[in-house]
Q: 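Once you've had a glance at the structure underneath, I'll fire off some questions.
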Amino acid sequence: FTPKYTRVGYQPIQPVPFSHAVHVEQLGMDCRYCHNAVEKSWYSNIPAASVCNNCHGPKNGNILGNDPRLALVRESADTGVPIPWVQIHKVPDYVYFNHAVHVNRGVSCVECHGQINKMEEAYHAQPLSMAFCLECHRDPASRLRPPDKVTDLDWKWSDNPKVAAELQKQNGAKFVHDWKVEKLQNCSACHR
């Protein structure tokens, strides 16, 4: 286990500048448009250039189609060579993490990735350490939300903090019961 997995603030320079703030916060794109495997797979895929070209390509609107910042996207779409994105969020090889299990049980992206919807450039917002994961596993009710609100990263039960806390307590306990969410703290839950 090295600091590279807990490096809060890590923000590598990406080959193509991508603003989650523009795409998610300003334009209202759902996380699953680009990360379309997150509900079905253990991993959250990085989109292919063809996904970018749905808006930025010449056949589909050509938004910023000639912008030099998107040259690598156009090249990748033409050649099939993937964009060499730099992975930001990692867990050690000996840790098993399944995105689909968490997302489908009401754990929002914001719990592990922070307010990524407001980030001009994505960075490592949470430590993703064993202690960080166990904090949630010991009390999943405090982090669960309705499944249709998982990718709404600004969502809260109420603008009133006291009301929000009470609603989280009530609904979180109900979700744990109804969805059979287990408080998995045994080693083999994550170390397989």
Side-chain angles (χ1 to χ4, degrees), residues 1-12 20-21 24-25 30-46 85-119 121-192:
F1 190 75
T2 67
K4 69 182 179 180
Y5 301 109
T6 59
R7 57 194 170 186
V8 173
Y10 174 63
Q11 186 176 37
H20 281 84
V24 180
E25 192 72 9
D30 188 292
C31 305
R32 296 165 293 192
Y33 183 78
C34 297
H35 304 287
N36 58 15
V38 74
E39 294 175 300
K40 302 173 274 211
S41 178
W42 64 270
Y43 66 93
S44 177
N45 61 300
I46 301 297
W85 297 108
V86 180
Q87 187 175 0
I88 299 171
H89 302 92
K90 295 181 183 183
V91 292
D93 290 343
Y94 55 83
V95 174
Y96 175 78
F97 179 84
N98 187 317
H99 274 87
V101 167
H102 289 80
V103 169
N104 291 319
R105 284 293 187 265
V107 178
S108 174
C109 313
V110 75
E111 296 296 336
C112 299
H113 299 291
Q115 289 290 151
I116 199 158
N117 57 317
K118 299 185 186 313
M119 295 179 192
E121 293 182 40
Y123 62 87
H124 206 282
Q126 301 287 0
L128 304 184
S129 64
M130 184 171 160
F132 173 80
C133 296
L134 279 173
E135 186 178 312
C136 187
H137 277 240
R138 289 182 178 130
D139 181 22
S142 67
R143 302 257 185 356
L144 302 181
R145 57 172 69 192
D148 65 330
K149 301 297 182 192
V150 167
T151 60
D152 181 351
L153 306 188
D154 289 323
W155 180 85
K156 47 191 164 183
W157 290 103
S158 170
D159 287 330
N160 179 321
K162 278 186 159 182
V163 172
E166 186 55 37
L167 287 170
Q168 181 66 53
K169 186 176 178 181
Q170 291 170 9
N171 288 297
K174 181 180 181 336
F175 294 159
V176 166
H177 175 267
D178 293 354
W179 302 338
K180 298 175 179 41
V181 174
E182 298 179 46
K183 296 179 181 182
L184 297 174
Q185 296 178 63
N186 57 317
C187 301
S188 64
C190 302
H191 300 282
R192 300 181 188 183

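Everything quoted here is computed from the prediction, not taken from an experiment.
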Q: To the nearest 0.5 angstrom, please state how far the OG1 atom of Thr6 sits from the NZ atom of Lys90.
A: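 Interatomic distance, Thr6 OG1 to Lys90 NZ, rounded to 0.5 Å: 12.5 Å.
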Q: So which heavy atom on Pro127 is nearest to which on Val8, and how close?
A: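 For Pro127 versus Val8, the nearest heavy atoms are N-CG2, 3.5 Å.
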Q: Quick one: does His191's side chain have a donor or acceptor within less than 3.5 Å of a partner on Val95's backbone?
A: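 Checked: no pair found.
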Q: Measuring from Tyr10:OH to Tyr123:OH, what's the distance to the nearest 0.5 Å?
A: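 The OH atom of Tyr123 is 15.5 Å from OH of Tyr10, to the nearest 0.5 Å.
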Q: Rounded at 0.5 Å granularity, tell me how far CG in Leu184 sits from NE2 in His137.
A: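 Answer rounded to 0.5 Å: 6.5 Å.
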Q: His35 side chain to Ala37 main-chain N or O, any donor-acceptor pair under 3.5 Å?
A: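 No, because the side chain of His35 does not come within donor-acceptor range (under 3.5 Å) of the backbone of Ala37.
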Q: If you take all heavy atoms of Lys162 and Asn160, which pair is closest and at what distance?
A: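 Result for this residue pair: N-OD1, 2.9 Å.
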Q: Taking all heavy atoms of Val181 and all of Phe175, pick out the closest pair and write down the distance.
A: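 Scanning both residues completely, I find the closest heavy atoms to be CG2-O, 4.1 Å.
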Q: Using atom types as modelled and distance alone, determine if a side-chain donor or acceptor of Arg7 lies under 3.5 Å from a backbone N or O of His124.
A: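 No.
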Q: Please work out whether the ring planes of Trp155 and Trp157 are parallel, tilted or perpendicular, with thresholds of 30° and 60°.
A: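 Trp155 and Trp157: perpendicular rings.
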Q: What I want to check is whether the side chains of Asn98 and Tyr96 have a donor and an acceptor closer together than 3.5 Å.
A: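 Indeed, the side chains of Asn98 and Tyr96 share at least one donor-acceptor pair under 3.5 Å.
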Q: Pair up each side-chain donor or acceptor in residues 138-148 with any protein partner under 3.5 Å, not counting sequence neighbours, and list the distances.
A:
from   : atom 1 : to     : atom 2 : distance (Å)
Arg138 : NE     : Gln185 : OE1    : 3.2
Asp139 : OD2    : Ser142 : OG     : 3.2
Ser142 : OG     : Asp139 : O      : 2.9
Arg143 : NE     : Glu111 : OE1    : 3.0
Arg143 : NH2    : Glu135 : OE2    : 2.9
Arg145 : NH1    : Lys149 : O      : 2.9
Arg145 : NH1    : Asp152 : O      : 2.8

Q: Considering all heavy atoms of both residues, which atom of Leu153 and which atom of Cys109 are nearest to each other, and what is their separation?
A: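 Heavy-atom minimum between the residues: CD2-CB, 3.8 Å.
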Q: State, with a plain yes or no, whether a side-chain heavy atom of Gln11 is found less than 4.5 Å away from one of Ile88.
A: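 Contact flag for Gln11/Ile88 side chains = no.
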Q: What's the spacing between Met119 CE and His20 NE2 if we round to 0.5 Å?
A: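 Output value for this atom pair is 8.5 Å.
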Q: Can you see which heavy atom on Gly106 is nearest to which on Val150, and at what distance?
A: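 Closest approach of Gly106 to Val150: CA-CG2, 3.7 Å.
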Q: Hey, what's the ring geometry for His113 with His89, parallel, tilted or perpendicular (30° and 60° as the breaks)?
A: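 Correct class here is perpendicular.
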Q: In this structure, are over 12 heavy atoms from other groups packed under 6.0 Å from Glu166 atom CD?
A: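 Buried by this count: over 12 neighbours within 6.0 Å.
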Q: So Asn186 and Ser188, side chain to side chain donor-acceptor pair (under 3.5 Å) or not? Walk me through it.
A: CA-CA 6 Å; Asn186 57 317; Ser188 64; 2.9 Å; yes
Q: Determine yes or no for a side-chain-to-main-chain donor-acceptor pair under 3.5 angstrom, with Lys118 supplying the side chain and Gly114 the backbone.
A: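 Flag not set: sc Lys118 to bb Gly114 has no pair under 3.5 Å.
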Q: Considering residues, nucleotides and ligands other than Lys183, do more than 12 of their heavy atoms fall under 6.0 Å from its NZ?
A: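 Count not over threshold, so no.
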Q: Just verifying a value: how many Å separate Asp154 CG and Asn117 CG, rounded to the nearest 0.5 Å?
A: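 Between Asp154 CG and Asn117 CG, I get 5.0 Å after rounding to 0.5 Å.
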Q: Roughly how far, to the nearest 0.5 Å, is CG of Asn45 from CZ of Arg32?
A: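 Spacing of CZ (Arg32) from CG (Asn45) equals 13.0 Å.
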